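This report concerns only the one structure given below.
In what follows, chains are A, B, ... by sequence order, proteins preceding strands, each numbered from 1. Note that this is a predicted model, so its numbers are computed, not measured.
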Amino acid sequence: MKTKIYNDIIKSLKKIDLNCNEDFTVEIPNVAEHGDFSSNVALINAKTLKVKPRDLARKIANDLSKKRDYKSIEIAGPGFLNFKLANSLYYKELKKILKAQYNYGSSNYGHRKKVIIEFISANPTGPLNIVSVRAGAYGDTLFRIMKHIGFEPFSEFYINDAGNQVDIFAESIEIRYRELHGHCVEEFPFEAYHGEYIKDLAAELNTIEGTKLFHMTEEDRLERMKNFALDAIHKMQVSSLNRFDVQFDNWMSEKKLRLEGILEEALSYLAEAGCTYEKDDAVFFSSTKFGDEKDRVLIKADGNPTYLVPDIAYHLTKYNRGFDIIIDVLGPDHHGHVSKLRAAIKALELDDSKLEVVFLQHINLLEDGEVVKMSKRTGKIVTMDDLLNEVGKDAARYFFINRKPSAHLDFDLELAKKKSSENPVFYCQYAYARINSILKKAKKAKLTLKKFDEKNLNKLDNIDEINLIKKMMDLSSVLNLCADNREPHRLAGYVHELAGMFHKYYAKYKIIDEENTDLSMARLYLISAIQIVISISLDLMGISSPKKM
RNA sequence: GCGCCAAUAGCUCAGUUGGAUAGAGCAACGGAUUUCUAAUCCGUAGGUCAGGGGUUCGAAUCCCUUUUGGCGUGCCA
């Protein structure tokens, strides 16, 4: 609708002067008296055309008033154009919603651009924690929204199943395994993993293997433990994610990248580009050439690659797979890392503008108002499963989607538990359930939309009804904004507002009035549309739409 | 030191890319249930948009600066 008005204005503007500036906006004002839509076109163009803003606005208004789509066009303030639309346009949109059903709001906005969204990518050394809940809710919602509006998104989880951390992980299992067999460990090493689940894994392995592992060489034993534990953790993570309704198109394994020689490939490309050199027995990447503040080590003096190498190799595969947009969703502690990665991508002569990194800010876990330090090493974690047990999937998803990625977030578990009745997600779901209940009642009263004559839509003529339709029309521009800015939290706000408008409407008007079936039917038509739009929005956030609450 | 992110109501946060009178939820207070489900609605109260300067018709939004907080600045990942 905005674009329609925008185009109408352009046409009208061209008649006045061809040298007009098209960089103006059409917006929905936040004050109702300012009309349904409002444009600053006259303010923007007044200076270049050397006329007074209000005079220019008058000219445009006179021209556009000839169209019958506009009920009125007013000039206000310094020179805003305020449009009021004819109700027929709204009724048309309402019909569109009922016709499109759950496809409403979908579009070709994304032009089938291929987008890879990598998110969570938690270490495979423990259960998913609350940080992953945020990343999961964010990444999956962004994925669903992009898909709905015509992108071709692809979700991926990167598993760091090789390297130093994983070795420490295996050693931690080894220590717990030895304990089971009476080997006394004087002091549990600080850097090892302390969580209780390590003991569980060791015990599980023990029931399978018993003492057999002691007959292996230490190297083989650790390898066996590593593979066993990685596999167990992976299954654990997949099961948590299933509960959270997050699916991945692909799990990319670092180990696999290593086996396939992608690391060497990346290194040789960098060498060919003349961007590597040897110093102090190590191989360096001259990243300063590409805007990094200092050169980085690729191969350590001991011959092992640093974490940077597999990461470059991994991103090389993202480019090789032909994605148009590459989105990495990371924690804030990785931002120092991105300049290095970006430098490498430039060195490989790849288009670094394709790579976007979204940093999800920290979550402070609060207990009695105090911040609790979370660490996998010390074993103090709140897992995704804990959270799902406490508040359920729907509330957890809403809670974590409902804020912009760049905002820090204080999470009070006590409050989250209490929230079960206060959480805004129920407010939205309740609107859906309420509508369902009204529709059920209408059916009993033999009011069905099959017999409805759409001409009667003009019974929907009060301001609240028109406002509801206007709100529903916003869906597609909200989705576009969510996708463009990688900010799915806007959808959470949107559905909350729509639900609120419905609740108010419900309290104010009687929908089923057996004395006036035409009006009742029109209103049933309206709330059916609301139900569809709420359901689409919730579904895009991975939240269920309960028929009854 | 340098770099990145933030600062909006008592609390948790929005604010449609520079628009007109800065909004929700929670908490507080007052009201509405013979109903279409009260997990709801109506009302009251709550603000120097961290401070200062700049850009222009117009700034919470853009630029500069100060302050405060978080993070980064490894031959850890």
Side-chain angles (χ1 to χ4, degrees), chain A residues 2 25 27-31 33-34 38-40 43-44 46-47 53 76-80 82 123 125 160 162-166 168 191 254 279-284 293-294 296-302 304-308 310-311 331-339 359 361-362 364 399 402-412 415 418-427 429-431 433-442 445 474 477-478 480-482 484-485 487 489-490 492-494 496-497 499-500 502-513 523 527 548-549:
Chain A
K2 281 183 193 173
T25 58
E27 309 208 329
I28 299 167
N30 34 21
V31 189
E33 294 94 70
H34 295 151
S38 159
S39 177
N40 58 359
L43 291 166
I44 298 289
K47 197 175 253 180
F80 287 102
N82 293 339
N123 280 327
T125 52
N160 295 98
N164 220 348
Q165 287 302 320
V166 187
I168 295 171
E191 66 278 5
E254 178 183 342
K279 197 179 97 181
D280 306 333
D281 297 326
V283 178
F284 280 73
E293 50 190 43
K294 64 179 193 181
R296 307 292 170 175
V297 175
L298 293 171
I299 305 291
K300 295 182 267 184
D302 67 6
N304 286 315
T306 61
Y307 69 98
L308 187 55
D311 214 40
D333 47 338
H334 286 79
H335 75 243
H337 167 56
V338 172
S339 55
F359 294 106
Q361 288 300 316
H362 266 297
N364 288 322
F399 194 83
N402 188 27
R403 53 217 347 112
K404 63 182 166 200
S406 60
H408 292 249
L409 154 58
D410 287 336
F411 186 81
D412 187 330
L415 194 69
K418 261 198 298 180
K419 279 235 165 179
S420 54
S421 65
E422 296 159 8
N423 197 306
V425 70
F426 293 103
Y427 186 81
Q429 290 180 315
Y430 183 47
R434 236 182 182 175
I435 292 172
N436 203 64
S437 155
I438 299 169
L439 293 176
K440 227 160 79 186
K441 195 189 164 184
D474 277 354
S477 62
V478 168
N480 294 351
L481 268 171
C482 287
D484 285 344
N485 297 304
E487 288 183 343
H489 75 279
R490 292 166 190 276
Y494 170 78
H496 191 263
E497 282 170 25
F502 166 73
H503 284 309
K504 289 174 177 50
Y505 178 70
Y506 170 89
K508 194 167 166 187
Y509 301 93
K510 187 99 180 142
I511 289 160
I512 299 174
D513 176 1
R523 287 183 171 168
I527 65 167
K548 233 167 87 177
M549 286 178 77

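Where Ile511(A) and Lys504(A) meet RNA chain B, the nucleotide closest to each residue was compared, and Ile511(A) sits on the side nearer the 5' end. Map Asp281(A) and Tyr509(A) each onto its nearest nucleotide of RNA chain B; the residue landing nearer the 5' end is Tyr509(A).
Phosphate proximity of C75(B) to Lys279(A): absent, as no side-chain N or O sits under 4.0 Å from OP1 or OP2. In terms of phosphate contacts, Lys300(A) brings no side-chain nitrogen or oxygen within less than 4.0 Å of OP1 or OP2 of G74(B). The side chain of Lys404(A) contributes no N or O atom lying less than 4.0 Å from OP1 or OP2 of C5(B). Look at Ser477(A) and you won't find any side-chain N or O under 4.0 angstrom from OP1 or OP2 of U16(B). The side chain of Tyr506(A) places no N or O atom within less than 4.0 Å of a non-bridging phosphate oxygen (OP1 or OP2) of A39(B). A sub-4.0 Å separation between OP1 or OP2 of C4(B) and a side-chain N or O of His337(A) is absent.
Contact of the Val166(A) side chain with the Asn160(A) side chain is not registered, since no non-hydrogen atoms from C-beta on lie closer than 4.5 Å. Side-chain atoms of Tyr505(A) and Ile511(A), non-hydrogen and from C-beta on, do get closer than 4.5 Å to each other. Between Lys300(A) and Thr306(A), some side-chain heavy-atom pair lies under the 4.5 Å cut-off. The shortest distance between side-chain heavy atoms of Pro405(A) and His489(A) falls below 4.5 Å.
Rounded to whole Å, the distance from OH on Tyr505(A) to C1' on C41(B) is 15 Å. For His503(A) and C36(B), the NE2 to C1' distance is 13 Å, given to the nearest whole Å. Atom C1' of nucleotide U16(B) and atom CG of Asp474(A) are separated by 9 Å, given to the nearest angstrom. Rounded to an integer number of Å, the gap from OH of Tyr494(A) to P of G25(B) is 18 Å. The separation between His496(A) atom NE2 and U40(B) atom C1' is 12 Å, rounded to whole Å. The distance between atom OH of Tyr307(A) and atom P of G74(B), rounded to the nearest whole Å, is 9 Å. One interatomic measurement links the two molecules: CG of Asn123(A) to P of A77(B), which rounds to 11 Å at whole-angstrom precision. What separates CD of Glu497(A) from P of U16(B) is a distance of 12 Å, to the nearest Å.
Remark: the separation of the C1' atoms in A20(B) and U66(B) is 32 Å, to the nearest Å. One C1' atom belongs to A24(B), the other to U8(B), and the distance between them is 13 Å to the nearest Å. Between A22(B) and A59(B), the two P atoms lie 12 Å apart (nearest whole Å).
Of the candidates U73(B), A20(B), G72(B), G72(B) carries the atom nearest the Asp333(A) side chain, counting heavy atoms from C-beta on. Set against C41(B), C5(B), C75(B), the side chain of Ala507(A) has C41(B) as its closest nucleotide. Checking C36(B), C41(B), G15(B) against the side-chain heavy atoms of Lys441(A) singles out C36(B) as nearest. Distances from the side chain of His334(A) to the nucleotides A20(B), A77(B), C75(B) place A77(B) closest. In the set G74(B), C75(B), G70(B), G70(B) carries the atom at the smallest distance from any side-chain atom of His362(A). Taking only side-chain atoms of Arg403(A), from C-beta outward, the nucleotide of U12(B), C41(B), C75(B) with the closest atom is U12(B). Set against C76(B), U73(B), C57(B), the side chain of Lys294(A) has U73(B) as its closest nucleotide. Proximity note for Arg296(A) (side chain, C-beta onward) versus C71(B), U73(B), C5(B): the nearest is U73(B). Side-chain proximity of Asn40(A) to U73(B), C36(B), G19(B): nearest is G19(B). The nucleotide whose nearest atom lies closest to any side-chain atom of Gln165(A) is, among C75(B), C76(B), A20(B), C76(B).
For A20(B), the base is stacked against the aromatic ring of His34(A), per a cut-off of 5.5 Å between centres and 30° between planes. Remark: ring of Tyr427(A) does not overlap the six-membered base ring of A39(B) in a stacked fashion, as centroids less than 5.5 Å apart with planes less than 30° apart are not both met.
Using modelled atom types and a 3.5 Å distance limit, the side chains of Asp311(A) and His337(A) yield a donor-acceptor pair.
Residue contacts shown for Gln429(A) are absent, as no nucleic acid heavy atom lies under 4.0 Å away. If you check every strand for non-hydrogen atoms under 4.0 Å, Ser339(A) touches nothing. Among the atoms of the strands shown, base atoms are found under 4.0 Å from some heavy atom of Asn82(A). No engagement by Asp311(A) is indicated, since no non-hydrogen atom pair under 4.0 Å with the nucleic acid exists. Residue-level contact check: Ala433(A) touches the bases, meaning some heavy atom is under 4.0 Å from a base atom.
Remark: side-chain polar atoms of Asp280(A) are not paired, donor with acceptor, to backbone N or O of Ala282(A) under 3.5 angstrom. Although no hydrogens or angles enter the test, the distance criterion places a donor-acceptor pair under 3.5 Å between the side chain of Arg523(A) and the main chain of Lys510(A). In this structure, His503(A) contributes its side chain and Tyr427(A) its backbone to a donor-acceptor pair below 3.5 Å.
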Original post:
Can you give one letter per nucleotide of nucleotides 58-64 of chain B, 5' to 3': B if a protein heavy atom sits under 4.0 Å from the base, S if only from the sugar-phosphate, - if neither?
Top reply: -------
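In this structure, CD in Glu27(A) is found 9.0 Å from CZ in Phe80(A), a value given to the nearest 0.5 Å. Between atom CD1 of residue Ile435(A) and atom CG of residue Leu439(A) there is a gap of 7.0 Å, rounded to the nearest 0.5 Å.
For Thr306(A) against A77(B), no side-chain N or O and base N or O form a donor-acceptor pair under 3.5 Å. Residue side chain Asn402(A) does not reach the base of A24(B) through any donor-acceptor N/O pair under 3.5 Å, judged by distance alone.
For U48(B), there is no paired base (Watson-Crick or G-U wobble, both distances below 3.5 Å). With a 3.5 Å ceiling on both atom-pair distances, the Watson-Crick or G-U wobble partner of G72(B) is C2(B). Applying the Watson-Crick and G-U wobble criteria (two distances, each under 3.5 Å), G30(B) pairs with C42(B). Nucleotide U56(B) forms a pair with no other nucleotide shown, judged by Watson-Crick or G-U wobble geometry with both contacts under 3.5 Å.
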**OP:** Any chance you could lay out the side-chain contact (heavy atoms from CB on, under 4.5 Å) test for Phe502(A) and Ile527(A), step after step, and finish with the verdict?
**Re:** CA-CA 8 Å; Phe502(A) 166 73; Ile527(A) 65 167; 3.9 Å; yes
